[in-house]
Amino acid sequence: MNTSTSPNSSRNVSRPASLGGVLSVPGDKSISHRSLILNAIAQGDALVQGLSGGEDVISTMHCLQAMGVSIEPAGAPGSYIVKGQGPELEEPSNILDAGNSGTSMRLLSGILAAQSFVSVITGDGSLRERPMRRIVEPLKQMGAQIMGRQNDSLAPLVVRGGDLRGIEYDLPMASAQVKSAIMLAGLSATGETIIHQPALSRDHTERMVSAMGGKTEENGLDLVVHPGTLSAVDIVVPGDISSAAFWIVAALCHRDARILIRGVGMNPSRTGIMDVLQEMGAGSSLQLIDQRTEGGEPVADILVTSAELHGVEIGGDLIPRLLDEVPILAVAACFAGGDTVIRDAAELRVKESDRIATTVEQLTRLGASIKATDDGMVIHGRGTGGTGKLGGTDTESHGDHRLAMSMAVAGLLSDGETTIHGAADASVSYPEFWQDLDLLLEDVW
Ligand code: S3P
């Protein structure tokens, strides 16, 4: 009743009387990329189950296939057999296309830096404007030759790799993508690679490399990678907490909601959103059920119901643990009582869009009281319960999947009708987003 689609990829959303149902979200995007990349350079075959069907992960798959890696469907949706090629891949005969995916470009650059052939990797308009010096610099120090636009800082990147040596490197920002690129190159370098991190970022690469027999040591914020070959491992990819976050916020902020999300990854380097929502007062409205470990990653079902949230201050080491969730947290803050302050999140300015600017701009259109700061935002919340203090209007995704989905959730909580232009952008990480939204509108258990 509350959504409609138009062919130019816009969707209309309004607030339903109730919101509910049981669903699964796509496989974790970060783990999906790594399950393909690490198994591709391992020895042996691996069965990957629950792989994200999002466009970003498909970009990684196509790049690896272009380098001779066999990745074939294995029956059930999201199941694939990856045939490991070992550390040496085949020279691609054409330019590699990472699409919209920073993870594909940065992690694959770590692989390309170890190959003796020449490769070119590019992406869409958004990705070609995102900073690449952060990977180019350390990979050059390791011995790779890399060129890019604007003094080697922007894609397309041209890489001639091989003969890498380990380095000791101070990461300038808490980035899992940069850390992973260096780690992947370090596996093929001579000598050890030491990485000093300013704060912990997601650790899926570390976990998977260890599970594959690679030697890494973690000591607080310091990480050592030893060269060596990996053995393929089967992986069951858990649901993506970054996708679950949309439904969690929708349910908490709607006045009559009850949603069960099955099989969500609960890696502590990713659960900052859960901690913040608890601090905002979610309490027993946000419950973890059946906590378990699957494939070396903690997993749980999440039961979420309506709550009364209040504003909080978010910053420091918490930010890397919830970086991708800031746009949807800003939506939650609009429906919370009191003020929310988000700081230390300047990295948001170099995501798929400038997420500080775009989130503030779009929520302002809906009538929110929200201001951008250099490294975050300040939100004056209008109160809880989904009582419709924001008014529906036209919103724009700016080509950013997380913005499109955040505005959809804002529309589920606002008065009137909210139109999301660029609705199809959700497919970058969550191709079934709009079907799942329709399912929740039916409120069937
Ligand atoms: C990711 C790391 C994060 C995150 C991105 C996925 C990864 O980026 O924003 O969506 O899979 O390593 P940074 O590491 O650049 O902060």
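Quantities reported herein were computed from a predicted structural model and do not represent experimental measurements. Counting starts at 1 for both ligands and their atoms, following the listed order.
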- With sequence neighbours excluded, residues passing salt bridge (Lys or Arg N to Asp or Glu O under 4.0 Å) with Glu396: none
- State, without any angle test, whether Ser242 and Glu325 hold a side-chain donor-acceptor pair at a distance under 3.5 Å. yes
- Hey, can you tell me if Phe433 and Phe246 have their rings parallel, tilted or perpendicular (30° and 60° cut-offs)? perpendicular
- Query: Is the shortest distance from a Lys or Arg side-chain nitrogen in Lys140 or Asp152 to a carboxylate oxygen in the other one below 4.0 Å?
  - Reply: yes
- Partners passing side-chain contact (heavy atoms from CB on, under 4.5 Å) against His196 (at least two apart in sequence or in another chain): Glu168, Asp170, Ile194, Asp222
Could you list each N/O atom of ligand 1 together with any protein N/O atom closer than 3.5 Å, one pair per line with the distance?
residue: ligand 1; atom: 8 (O); partner: Lys351; partner atom: NZ; Å: 2.9
residue: ligand 1; atom: 9 (O); partner: Asp324; partner atom: OD1; Å: 2.6
residue: ligand 1; atom: 9 (O); partner: Asp324; partner atom: OD2; Å: 3.3
residue: ligand 1; atom: 9 (O); partner: Lys351; partner atom: NZ; Å: 2.7
residue: ligand 1; atom: 10 (O); partner: Asp324; partner atom: OD2; Å: 2.7
residue: ligand 1; atom: 11 (O); partner: Ser30; partner atom: OG; Å: 2.7
residue: ligand 1; atom: 11 (O); partner: Arg34; partner atom: NH1; Å: 2.8
residue: ligand 1; atom: 12 (O); partner: Arg34; partner atom: NH2; Å: 2.6
residue: ligand 1; atom: 14 (O); partner: Ser175; partner atom: OG; Å: 3.0
residue: ligand 1; atom: 14 (O); partner: Ala176; partner atom: N; Å: 2.7
residue: ligand 1; atom: 14 (O); partner: Gln177; partner atom: N; Å: 2.9
residue: ligand 1; atom: 15 (O); partner: Ser175; partner atom: OG; Å: 3.1
residue: ligand 1; atom: 15 (O); partner: Gln177; partner atom: OE1; Å: 3.4
residue: ligand 1; atom: 16 (O); partner: Lys351; partner atom: NZ; Å: 3.2

Would you give me the side-chain donor-acceptor pairs under 3.5 Å for residues 23-31, sequence neighbours excluded?
residue: Asp28; atom: OD1; partner: Ser30; partner atom: N; Å: 3.0
residue: Asp28; atom: OD1; partner: Ile31; partner atom: N; Å: 2.9
residue: Asp28; atom: OD1; partner: Arg270; partner atom: NH1; Å: 3.2
residue: Asp28; atom: OD2; partner: Arg270; partner atom: NH1; Å: 2.8
residue: Asp28; atom: OD2; partner: Arg270; partner atom: NH2; Å: 3.1
residue: Lys29; atom: NZ; partner: Asp56; partner atom: OD2; Å: 3.2
residue: Ser30; atom: OG; partner: Arg202; partner atom: NH1; Å: 2.8

